[in-house]
*Asks:* 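Sharing a structure below in structure tokens format, with a few things to ask.
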Amino acid sequence: MNSKAFFEIAKSEGIEQSQISIVKLRRFGFSIFHTEIDSYTISETQSVSAIGVYNGKLGSCRAESDTKEAFRFLAKGIKETSAVIEKEEEASIFEGSPKYHKKNVYDPSVLSVSAEDKIALAKRLEAKLLAADERISEVADVRYQEIDISKEFSNSFGLRLKEKGCYFFLFAEIVAKNGDETKTSYGVEIGSDLAKFDEDLFVKKVAERATEKFSGEPCESGKYPTVLDRTVFAELLAFFLDACSAEEIQRHSSFLVDKLGERVASSKLTVYEKPLEKNIFFTYFDDEGVATQNKTVLKHGVLQTYFHNRETAKKAGVEPTGNGAWTGSRFDVSFANVVVKPGKKSFDDMILPIKDGVYITELAGLGTGMNIRSGDFSCQAEGFRIRDGKVAEPLNLITLSGNLLKMFRSIKEVDDRNKLMSSSINCPDVYVSSMNIGGK
Amino acid sequence: MLSKSLAIKVLNEALATGGDYAEIYVEKTVSSSILLENGVVESSAKPQLFGVGIRILNGVRSVYGYTSDVSAKSLLQLAHQLAASYSEERKITVASIAKQRVKAVNKVDDPCIDTPFSEKIALLKEASEIIRSVDPRLVRIQTIFMDTYRDIEIYNAEGETGKLFVTNEQRGRLVLVAVAAEGNDIQSYFSGPGRADGWHYFKNELNWRRIARETGEKAIMMLSAKECPSGRFPVVITNGWGGVLFHEACGHPLEASSTAKGLSVFSNSIGKQIASPIVSAYDDGSLPNEWGSNNIDTEGVPCQKNQLIKDGICVGFMVDRLNGRRINMAPNGTSRRQNYQFEPTSRMSNTYIAAGKDNPEDIIKDTKLGIYVTNFGGGSVDPVTGEFNFSASEAYIIRDGKVCEPVKGCTLIGKGSEVLMNIDRVGNDLCLGQGNCGAASGLIPVNVGQPTIRLKEITVGGRGGKLE
């Protein structure tokens, strides 16, 4: 059904302005266990999300189909949900940005690889992982998933925007045993072209990550110079960027309140948000239909901008930044394609001055151990001791605790090992002058 | 939602290539939520979810598919595509469907979804006002009510006569968040009582006014809390939400989704001692109207009380149909999923350590130096190694048997196998707390629970230096 039909129905119901987003999602996935297909999933879903202004208030509704009956249901839902809103601000739907930077990033090459070939790849990975080291006792999971997504956005002002994406996600987890000790590790690969996937490198890294952990012990509790692996830093950076939400700032719920233009991180840290970068995270319009833009978030540690949707931008007297994100009931903000400017030193050179420190390679429980409002966090960690400038013995069952603002200000160095991760953050490893480690 | 004749056609299409079990899960869910910021209604939503999941088992192989297009053509096509994964002779032809009796665990006469927004708003406004009146340093108050109503049909067949189960799930949850600020310090506190019950419970039985006041008071108290010390020392864990420790450390590794493949730290533990002899534990999805309860699981098996640990000995797992085949154990009503977009697997429902004999005050009185943890953010576990963590959002120092100053920001970590053996006191004050658990089959509502317990020693991570 044409979305125009929705706008006609909405108008006839007295909904002055409206927008509709139709997302079609096709998934295919499977997992391998003990050389057999363990699970196999296919799906095709559609989600139709409508937002409208009724009597000056914003309402919304969601359904699966785009029939006239569904459109009437959506219009009714908009009226019902908007009727109770008490916010004083007059709601509106965005008419459209003057310019959109549309690029073709749709690469469906993965769809042309047969299911048999993908299954064969996963089985090969399982065999290679098992053979990579005699201590690897199990390949707990090799999981493949691909997503083919299309999004159509339109509004009652005649704006029509379309976006398509196609990518795969590959995950493997292994178990390694040495006497009574059991260790696990996993690897994740995300991309759009399976031909570019380096199986052997993937296997090598996953295998090493597990076997390096043997004989890991906690260290003495205390403060240590701490190097955070880029995967770990990406997790912490995501929370830091959450605190850049103008929504949280305006509600006094972020440790970055009143920090615009101030140094909130080490001068070594420059962070960009590049939604227009050509990769699988590319997006040229946000959930309000605002054109996205590349921007500098931290320049040599100085906070350049908050992330705005239209409402927060209006309150702050600035332009929307193209970060509007629909939560299902209201607009919040989100970010995509974050890039941290790499440093010049190699990892080895960066850790050379550290006489006695720790190198954290994995975190667990950060989601619940993070107080996003104060920036205080404490979670489970593992990694290695750094002794005399070199990575030394493994550390297991330790905790990493800190405060994001203090930690970001204490970054002494960033190295040159940038990598784009599945969280859409591309960052290097960082060296923090001192962090709290809990152990013995 | 689906006609019996169509269900038979879809099941037969699914079973055409040698599957020995086929299942159709039909779901129509309406959710509702309303959010107030500082007493002002800022957003409301009432989305709908409607779709079908089809699963075919053949021995210990499983194929699953789902679609939001519930037309006959789409369902037959999906069944056909899934069946293409197998290439054996047909074993089963379904000729009829027999509707099964479903005993109601959660009897609800007044589903929250039918309660007008205006009534919910009135309660949320009063709750917001109660929190606001606690202290002017409360800069942000969120009061939220969310509820879901889900109609479910499950058709399954492993013989000529298929089965139809018709059930529904309905839940409501009140969420209160208070944010306190003073200078550069910002602290917050969260309360989220939930239940598979109707509006009368939230309005009349739940003491939400007390909960609202405490939410505000706790947020203010956290402003003066010191950093939690780190190291290894005794920890007393409060009843109710404290059960998140057991949920992570032991619950997940006892799900057949972990144990069946021999991957869990507790895989071969039936009959073995895995906990201190004073510990017994259950998973019980049949507690009437509790947050994690259901009438039946998502495979049609009645929810029931399953003992997991008896006097420290492992006596059972949570078993779903597929993993039950792997370990030759019968499914016990624990197969769960977030919605039709997830393949089901064994999950927890209301999981708790049974009440012991100790008076909780005595447990604290008998602790010379340690911490008393009274609220939690949640946690996670690696079921293979048993290494787990959970974060405490509210805790106090215990000195000479007395609860002293509050501390914040600490994480407790350990190995499930060790921590369960380290429980040296179990109180008599069992209660449950509500949370949402995320794992392979999605995010589902679960109760965690326990009486007050004490761990002889556990690793605590915080920024407050040594415990003194």
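Below, chains carry the letters A, B, ... as their sequence lines are ordered, and counting in each starts from 1.
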*Asks:* Going by heavy atoms in the side chains, are A:Thr45 and B:Tyr340 under 4.5 Å from each other?
*Replies:*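 Yes - at least one pair of side-chain heavy atoms lies under 4.5 Å apart.
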*Asks:* With only heavy atoms counted, which part of A:Val84 is less than 4.5 Å from chain B, the side chain, the backbone, both or neither?
*Replies:*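 Backbone plus side chain of A:Val84, per the 4.5 Å heavy-atom cut-off to chain B.
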*Asks:* Quick one: which of B:Phe376, B:Phe388, B:Phe50 has the most heavy-atom pairs under 4.5 Å with chain A, could you say?
*Replies:*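 If we count pairs closer than 4.5 Å to chain A, B:Phe50 comes out on top.
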*Asks:* Where does A:Lys406 contact chain B at under 4.5 Å (heavy atoms): side chain, backbone, both or neither?
*Replies:*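 Side chain only.
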*Asks:* Let's test your reading of the structure: which of B:Gly465, B:Gly462, B:Gly379 forms the most heavy-atom pairs below 4.5 Å with chain A?
*Replies:*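 The residue among B:Gly465, B:Gly462, B:Gly379 with the greatest pair count is B:Gly462.
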*Asks:* Under 4.5 Å, counting heavy-atom pairs only, tell me which of B:Arg232, B:Lys261, B:Gln81 racks up the most with chain A.
*Replies:*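 Counting heavy-atom pairs under 4.5 Å, the top option is B:Lys261.
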*Asks:* So do the side chains of B:Gln77 and A:Glu44 get within less than 4.5 Å of each other, counting heavy atoms only?
*Replies:*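 Counting from C-beta outward, B:Gln77 and A:Glu44 never come under 4.5 Å.
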*Asks:* With only heavy atoms counted, which part of A:Ser254 is less than 4.5 Å from chain B, the side chain, the backbone, both or neither?
*Replies:*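 Backbone only.
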*Asks:* Looking at A:Gly77, A:Ala63, A:Gly438, A:Ala140, which has the largest count of heavy-atom pairs under 4.5 Å with chain B?
*Replies:*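 Option with the greatest count: A:Ala140.
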*Asks:* Is the shortest heavy-atom distance from the side chain of B:Val60 to the side chain of A:Phe33 under 4.5 Å?
*Replies:*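 The answer is no, as the side chains (C-beta and beyond) never meet within the 4.5 Å cut-off.
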*Asks:* Based on non-hydrogen pairs under 4.5 Å, which of A:Ser374, A:Ala115, A:Ala83 is most in contact with chain B?
*Replies:*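 Among A:Ser374, A:Ala115, A:Ala83, the one with the most close pairs to chain B is A:Ser374.
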*Asks:* So which heavy atom on A:Ile37 is nearest to which on B:Arg61, and how close?
*Replies:*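 Closest pair (atom of A:Ile37, atom of B:Arg61, distance): O-CG, 3.4 Å.
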*Asks:* Of the non-hydrogen atoms in B:Ser230 and A:Ser221, which two are nearest, and what is the gap between them?
*Replies:*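 Heavy-atom minimum between the residues: OG-CB, 3.8 Å.
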*Asks:* Under 4.5 Å, counting heavy-atom pairs only, tell me which of B:Leu36, B:Val41, B:Asn38 racks up the most with chain A.
*Replies:*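 Most heavy-atom pairs under 4.5 Å with chain A: B:Val41.
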*Asks:* Closest heavy-atom contact between A:Thr182 and B:Val384?
*Replies:*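 That closest heavy-atom pairing would be CG2-CG1, 3.9 Å.
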*Asks:* With a 4.5 Å cut-off on heavy-atom pairs, point out which of A:Gly439, A:Ser401, A:Ser82 contacts chain B the most.
*Replies:*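 If we count pairs closer than 4.5 Å to chain B, A:Ser401 comes out on top.
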*Asks:* Is there a side-chain contact between A:Thr41 and B:Tyr66 in this structure, where contact means two heavy atoms from C-beta onward sitting under 4.5 Å apart?
*Replies:*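 A side-chain contact under 4.5 Å exists here.
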*Asks:* Report yes if the side chains of A:Asn396 and B:Glu387 come closer than 4.5 Å at any heavy-atom pair, otherwise no.
*Replies:*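 Yes, their side chains come closer than 4.5 Å.
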*Asks:* Quick check: do A:Lys76 and B:Lys46 have side-chain heavy atoms less than 4.5 Å from each other?
*Replies:*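 Result no, sub-4.5 Å side-chain heavy-atom pair not found.
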*Asks:* First locate atom CG of A:Leu397, then atom CD of B:Glu418, and finally report the distance between them rounded to the nearest 0.5 Å.
*Replies:*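 Output value for this atom pair is 8.0 Å.
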*Asks:* To the nearest 0.5 Å, what is the distance between OG1 on B:Thr385 and NZ on A:Lys177?
*Replies:*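 The distance works out to 11.0 Å.
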*Asks:* Select one option (side chain, backbone, both, neither) describing which atoms of A:Glu80 are under 4.5 Å from chain B's heavy atoms.
*Replies:*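 Both parts, heavy atoms under 4.5 Å.
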*Asks:* Is there a donor-acceptor pair under 3.5 Å between the side chain of A:Glu86 and the backbone N or O of B:Val40?
*Replies:*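 Such a contact is absent between A:Glu86 side chain and B:Val40 backbone.
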*Asks:* Can you tell me which portion of A:Gln46 sits under 4.5 Å from chain B's heavy atoms? Options are side chain, backbone, both or neither.
*Replies:*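 Interface part for A:Gln46: both.
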*Asks:* Is any side-chain heavy atom of A:Glu64 closer than 4.5 Å to one of B:Val70?
*Replies:*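 Result no, sub-4.5 Å side-chain heavy-atom pair not found.
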*Asks:* Roughly how far apart are A:Lys259 NZ and B:Asn184 CG, rounded to 0.5 Å?
*Replies:*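 Between A:Lys259 NZ and B:Asn184 CG, I get 4.5 Å after rounding to 0.5 Å.
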*Asks:* Pick from B:Glu343, B:Arg140, B:Glu227: which one has the most heavy-atom pairs with chain A under 4.5 Å?
*Replies:*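 The answer is B:Arg140.
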*Asks:* Supply the atom-to-atom distance B:Gln142 CD to A:Ser253 OG, rounded to the nearest 0.5 angstrom.
*Replies:*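 OG of A:Ser253 is found 7.5 Å from CD of B:Gln142.
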*Asks:* Can you tell which of A:Phe377, A:Phe28, A:Phe73, A:Phe255 has the highest number of heavy-atom pairs within less than 4.5 Å of chain B?
*Replies:*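 The option with the most such pairs is A:Phe73.
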*Asks:* Restricting to non-hydrogen atoms, name the atom on B:Glu42 and the atom on A:Arg251 that form the minimum distance, rounded to 0.1 Å.
*Replies:*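 Between these two residues, the closest heavy atoms are OE1-NH2, 2.7 Å.
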*Asks:* Counting heavy-atom pairs under 4.5 Å with chain B, which one of A:Leu25, A:Ile372, A:Asn403, A:Asp258 comes out on top?
*Replies:*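 The answer is A:Asn403.
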*Asks:* Nearest 0.5 Å please: distance from the OG1 atom of A:Thr399 over to the CG atom of B:Asn389.
*Replies:*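 The OG1 atom of A:Thr399 sits 10.5 Å away from the CG atom of B:Asn389.
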*Asks:* With sequence neighbours excluded, give me every side chain to side chain donor-acceptor pair (under 3.5 Å) pair touching residues 407-417 of chain B.
*Replies:*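 Output for this query lists A:Ser378-B:Thr411.
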*Asks:* Do we see a donor-acceptor contact under 3.5 Å between the side chains of A:Asn371 and B:Gln187?
*Replies:*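 Checked: A:Asn371/B:Gln187 side chains pair up, N/O donor to acceptor below 3.5 Å.
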*Asks:* With rounding to the nearest 0.5 angstrom, report the OG to NZ distance, B:Ser43 to A:Lys57.
*Replies:*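 Going from OG on B:Ser43 over to NZ on A:Lys57, the span is 13.0 Å.
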*Asks:* Given 3.5 Å as the limit, does a donor-acceptor pair link the side chain of B:Ser380 with the main chain of A:Ala364, or not?
*Replies:*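 The answer is no, because no donor-acceptor pair under 3.5 Å joins these two groups.
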